[in-house]
There are 2 protein chains.
Amino acid sequence: MHNIRQIPLFAKLDDASIDKLREISSVHSYNVKEILFYEGDAPIYMYILLSGTLRLYKTNFKGAQIFLHTFRPINLVAELANFESMPYPASAEFSTKGEVMRIDYKKLEENFFKNPDISISIIKSLAAKLKIMSEVITNEVVLTSEGKIAKFLFENEKLFNELKQTQIAALLNITPETLSRTLGKFKKQKIIDSNAANEINIINKDLLSELFS
Amino acid sequence: MHNIRQIPLFAKLDDASIDKLREISSVHSYNVKEILFYEGDAPIYMYILLSGTLRLYKTNFKGAQIFLHTFRPINLVAELANFESMPYPASAEFSTKGEVMRIDYKKLEENFFKNPDISISIIKSLAAKLKIMSEVITNEVVLTSEGKIAKFLFENEKLFNELKQTQIAALLNITPETLSRTLGKFKKQKIIDSNAANEINIINKDLLSELFS
DNA sequence: CGCGCACTTGAACCCCTTCAACGGGCGTGG
DNA sequence: CCACGCCCGTTGAAGGGGTTCAAGTGCGCG
């Protein structure tokens, strides 16, 4: 069983509060590909991701998924929908097995929001999400495909060779073809090269970083 | 002179706190088109917009401005940068004359963040901004031009006839040509029509709303 | 009357996707 | 051990949505 005090948000609660919290919350397990909530659903619970990874995405007019972010534990998920009493702005799907703590939001608000430790945690969580959103906007609106690829490569050189190109393309919301062609271009420009095992190496980090920014 | 208690964030402060706040803050005036901060600047102050309207935008690789939002008073501006100690994620330009209160952030944090009234205000402000960002993502990433125009028209029918098409296009981050062509298409489909004064009227609101999600 | 500005319209172009075909590596089953 | 199938990456060609550029058009206002 999870110890509630391991959740930073609740770390400093006294015993009575923890008991109260147990009353209004429960823990649920999910399997790979199960959906925690869909974009447009009305929120009742506030979710805290306890284990596993959760993939957040929006769906566009033709049904394609636009990847936004993957959450790792321990993290509040989509608290915005709770605070603003609005439908979830995106869908969340488990990309591994995982668990969430599910809390009756109304009761949480009534009982715990006066607590300054909790409100500071919430501020931090909101600020972190705002930062994520700001990066999503940079990636999806400001940068071209070339810029997105350059940025991802620059920031995740090691990860790049651990993932398949199809997976990277999905993270960047581009097609594998575009990724392949762009990498070919980078090789021609001597920004990167690849060895026999087809692993990619950055040769000119400065040139690479000029492509986004 | 502005009464600090008119700022919701500080409405409930006691007199001593207000005095302290005056010490660490000052009010500054700006003219149309003056810049409050540029994307990438390091934040020192926290800004509260007291009067005027402030236009927030990002700049893409070819120098074009991507409009994000216009702020109206009274509102915290870009507090994210303060909380996360990161450069401003966007630029802010006055689109009218205006005033901001500028607060030394470090000192604000030291002296005022324990106050639960203030932290709840901040949570609300952050949540509101997160909602704005979420809408920006929907507009810019999920919707096509047609969808953006349909949505804007649906939600701002009156405003639509008060602004010039070039202004609307700028708000939607599309070219005036695309706007003109799309409106022409909507007229052909009998979704809208226009009178002698070239004012646009929605005929079929249902059809219009189907064009965005 | 003529100028300026907003809107319109057409054509070329650009970036990226889509569709299709191909090739290479690797595991599995015969 | 080879043959086959499959997955993944590559490459080409076409297409689509939007921008860019350029040339009208219409209208208000000095």
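Each chain gets a letter, A, B and so on, in the order its sequence line appears, and its residues count up from 1. Note that the structure is a prediction, hence the values are computed from the model and not measured.
- For Glu199(A) and dG25(C), the CD to P distance is 15 Å, given to the nearest whole Å.
- At least one donor-acceptor pair under 3.5 Å links the side chain of Thr138(A) to the backbone N or O of Ser134(A).
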Item to check | From CA spacing to verdict: side-chain contact (heavy atoms from CB on, under 4.5 Å), Leu171(A), Leu163(A) | outcome: CA-CA 10 Å; Leu171(A) 292 180; Leu163(A) 296 178; 3.9 Å; yes

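- For the pair Ser25(A) (side chain) and Leu21(A) (backbone), a donor-acceptor distance under 3.5 Å is present.
- With a 6.0 Å radius and a threshold of 12 heavy atoms from other residues, nucleotides or ligands, Phe61(A) has its CZ atom above the threshold.
- As rounded to whole Å, 12 Å separates atom C1' of dT19(D) from atom NZ of Lys148(B).
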Checklist outcome for this item: Protein-proximity profile, nucleotides 4-14 of chain C, B/S/- by nucleotide at the 4.0 Å heavy-atom cutoff, equals --SSSBBB---

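- In this structure, Pro43(A) and Ala81(A) approach most closely via the heavy-atom pair CG-O, 3.6 Å.
- A straight line from CD1 of Ile192(A) to C1' of dG9(D) spans 14 Å, rounded to a whole angstrom.
- Looking at Asn156(A), its side chain does come within 3.5 Å of a backbone N or O of Phe152(A) through a donor-acceptor pair.
- Contact annotation: Ser145(A) does not reach the phosphate of dC15(C) (side-chain N/O to OP1 or OP2, under 4.0 Å).
- Taking atom CD1 of Ile200(A) as the reference point, atom P of dC8(D) lies 16 Å away to the nearest angstrom.
- Per the geometry, CD1 belonging to Ile149(A) stands 14 Å off C1' belonging to dG9(D), to the nearest Å.
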Next on the checklist: Can you build the contact string for nucleotides 25-30 of chain D? Use B for base contact, S for sugar-phosphate-only contact, and - for no protein heavy atom under 4.0 Å.
Outcome noted: ------

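- Atom CZ in Phe61(B) sits roughly 11 Å away from atom C1' in dT19(D) (whole-Å rounding).
- One interatomic measurement links the two molecules: CD of Gln65(B) to P of dT19(D), which rounds to 16 Å at whole-angstrom precision.
- With values rounded to the nearest 0.5 angstrom, Glu157(A) atom CD is found 8.5 Å from Leu208(A) atom CG.
- Note on ring orientation: taking the six-membered ring where Trp is involved, the planes of Phe212(B) and Phe154(B) are perpendicular (angle over 60°, cut-offs 30° and 60°).
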Item to check | Candidate pair Ile137(B) and Leu68(A), rule side-chain contact (heavy atoms from CB on, under 4.5 Å), full reasoning | outcome: CA-CA 10 Å; Ile137(B) 292 178; Leu68(A) 299 179; 4.3 Å; yes

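- In summary, of the residues considered (Phe37(A), Phe94(A), Tyr47(A)), a ring-ring contact (aromatic ring centres under 6.0 Å, His included) with Tyr30(A) occurs for Phe94(A) alone.
- Taking a cutoff of 4.0 Å between a charged side-chain nitrogen and a carboxylate oxygen, Glu34(A) and Lys97(A) do not qualify as a salt bridge.
- Contacts between residues 136-143 of chain A and DNA chain C, defined by a heavy-atom separation under 4.0 Å, are absent.
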